Amino acid sequence: MINFNGTMVSKDANILTQNRGFLYGDAVFETVKIINNKILFLEDHYFRLMASMRVVRMEIPMNFTMEYLEEQILSLVKNNSLSDSSRARITVYRNDGGYYLPSNNSISFLIHTVALENASYSIEQKEYEVDLYKDFYVTKQLLSSIKTTNKIINITGSIYAHENGLDNCILLNDSKNVVEALQGNIFMLIGNRLITPPVSEGCLNGVMRKQILGLARRIEDLEVVEEVISPFDLQKADELFLTNVIKGIQPITKYRKKTFTAKLANQLVQMLNEMLTVN
């Protein structure tokens, strides 16, 4: 028997009793965007998922190929009538058994989908204010660059943002440098230099981050670099924007007393949509 919310029930009545993702955060995940029955940037997502599983020493089944994962996602999307525009989350967790030391490294996975309003990427013309979140810090290590289910910093940061009337918060690493935002990578434009923190600073190795770096390098007279960003640099910026696969690009309009334009962000969104149309 187990006690669930004050009621004695059979331990088999709750599937979370031995689930390692629930008990220890022993899981990794990917969130993908589907447009017109196509998974955007599938290869990038798949190889990041495989890399994440290897980092945490999960056993990758022989049949867990990119084609298999694509089939599993799209069949669920079709079943839920969400092929036009939706998001899917794939969570891979180590199977039940053991305490900190697992009984084995075999895995199971769970996929769920949610409808999205817009198929193409766009920028909402609204204020978007951020500030620093300094209660906890991201560590500069490999685990910070992969998507595990240990997201307690993002959760407490989101509560802090909500309580303070902010749209998002910027996370710092243990060297007190800018890492990323709560829901995406961060880019800063100063003059003709577009800067984003390197993965070695502890930021997520974002799929959309990779796309934006590639597109930005095609813009004439724009220098694109990966280098350390100090919090003091943010108020010197001409533009700040966030990136993730679901939203695409989200311009920051206000950080403390500084306001920002979104000219480059709008240009990159247009380039992103053109790239997806061609592909």
Side-chain angles (χ1 to χ4, degrees), residues 12 14-116 141-152 154 180 183-185 199 202-211 213-214 243-246 276 279:
D12 298 327
N14 192 316
I15 61 172
L16 297 179
T17 306
Q18 296 296 322
N19 182 278
R20 295 188 60 84
F22 169 71
L23 294 175
Y24 304 111
D26 191 3
V28 296
F29 72 98
E30 285 288 318
T31 303
V32 301
K33 184 171 183 176
I34 298 99
I35 296 176
N36 298 326
N37 204 41
K38 179 184 177 183
I39 302 169
L40 302 187
F41 321 118
L42 172 62
E43 188 173 291
D44 290 327
H45 282 293
Y46 175 75
F47 285 116
R48 185 172 66 174
L49 180 60
M50 294 301 101
S52 299
M53 292 172 69
R54 290 189 182 97
V55 167
V56 298
R57 291 175 166 78
M58 288 179 175
E59 184 180 299
I60 302 174
M62 291 295 292
N63 72 326
F64 208 66
T65 63
M66 185 164 65
E67 292 74 20
Y68 174 78
L69 188 62
E70 180 181 30
E71 179 187 352
Q72 297 302 310
I73 295 170
L74 293 182
S75 62
L76 177 63
V77 166
K78 182 179 179 181
N79 186 74
N80 292 340
S81 301
L82 297 174
S83 298
D84 289 346
S85 183
S86 59
R87 62 187 287 169
R89 171 171 160 151
I90 308 97
T91 306
V92 179
Y93 57 93
R94 209 179 319 257
N95 285 328
D96 296 355
Y99 296 96
Y100 286 152
L101 177 65
S103 298
N104 62 81
N105 292 315
S106 65
I107 60 98
S108 293
F109 67 89
L110 173 70
I111 304 174
H112 63 272
T113 58
V114 179
L116 292 175
Q141 60 167 335
L142 182 60
L143 279 176
S144 299
S145 69
I146 66 176
K147 300 190 80 167
T148 71
T149 53
N150 183 356
K151 291 295 182 183
I152 201 70
N154 304 69
E180 58 193 1
Q183 300 105 3
N185 292 104
V199 174
C203 71
L204 180 70
N205 189 12
V207 169
M208 184 54 71
R209 174 184 182 273
K210 177 183 175 182
Q211 310 305 319
L213 283 171
T243 64
N244 66 50
V245 161
I246 302 303
L276 295 175
N279 292 339

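Values in this document were obtained by computation on a predicted structure and should not be read as measured data.
Between the side chains of N205 and S145, not a single donor N or O lies within less than 3.5 Å of an accepting N or O.
To the nearest 0.5 angstrom, K78 atom NZ is 10.0 Å from L74 atom CG. One distance of note links CD of E70 with CD1 of I34; it measures 10.5 Å at 0.5 Å rounding. From T149, atom OG1 reaches atom CZ of F22 across 11.5 Å, with rounding to the nearest 0.5 Å. Here the straight-line distance linking atom OG1 of T17 with atom CG of D12 works out to 7.5 Å at 0.5 Å rounding. Here the CE-CD1 distance, from M53 to I107, works out to 4.5 Å after rounding to the nearest 0.5 Å. To the nearest 0.5 Å, atoms CD1 (I35) and OG (S83) are separated by 12.5 Å.
Side-chain atoms of N36 never come within 3.5 Å of backbone atoms of K38 as a donor-acceptor pair (strictly under, hydrogens ignored). Of the possible polar contacts, none joining the T31 side chain to the R89 backbone as a donor-acceptor pair under 3.5 Å is found. With hydrogens and angles ignored, the 3.5 Å screen pairs no side-chain donor or acceptor of R20 with any backbone N or O of A27. Looking at R94, its side chain does come within 3.5 Å of a backbone N or O of V56 through a donor-acceptor pair. Judged by distance alone, the side chain of N154 and the main-chain N or O of Q183 form no donor-acceptor pair under 3.5 Å.
By the 4.5 Å heavy-atom criterion applied to side chains, C203 and R209 are counted as neighbours. A heavy-atom distance below 4.5 Å is found between the side chains of L69 and F64. In this structure the side chain of H45 never reaches within 4.5 angstrom of the side chain of I90, judged on heavy atoms.
The shortest non-hydrogen separation linking E30 to L49 is CG-CB, 3.7 Å. Between S103 and G98, the shortest heavy-atom distance links the atoms OG-N, 3.0 Å. Counting all heavy atoms, side chain and backbone alike, A115 lies closest to L82 at CB-CD2, 3.5 Å. Annotation for I111 and A88: closest pair CG2-CB, 4.4 Å, computed over non-hydrogen atoms. Nearest approach of V32 to I246, heavy atoms of both residues: O-CD1, 3.8 Å. Between K147 and S52, the shortest heavy-atom distance links the atoms N-OG, 4.2 Å.
Atom CZ of R87 sits in a sparse spot, with 12 or fewer heavy atoms from other residues, nucleotides or ligands closer than 6.0 Å. No more than 12 heavy-atom neighbours from other residues, nucleotides or ligands sit within 6.0 angstrom of CD on E43.
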If you apply the rule side chain to side chain contact (heavy atoms under 4.5 Å, CB included), what do you find for F41 with M208, and how did you get there?
CA-CA 9 Å; F41 321 118; M208 184 54 71; 3.7 Å; yes
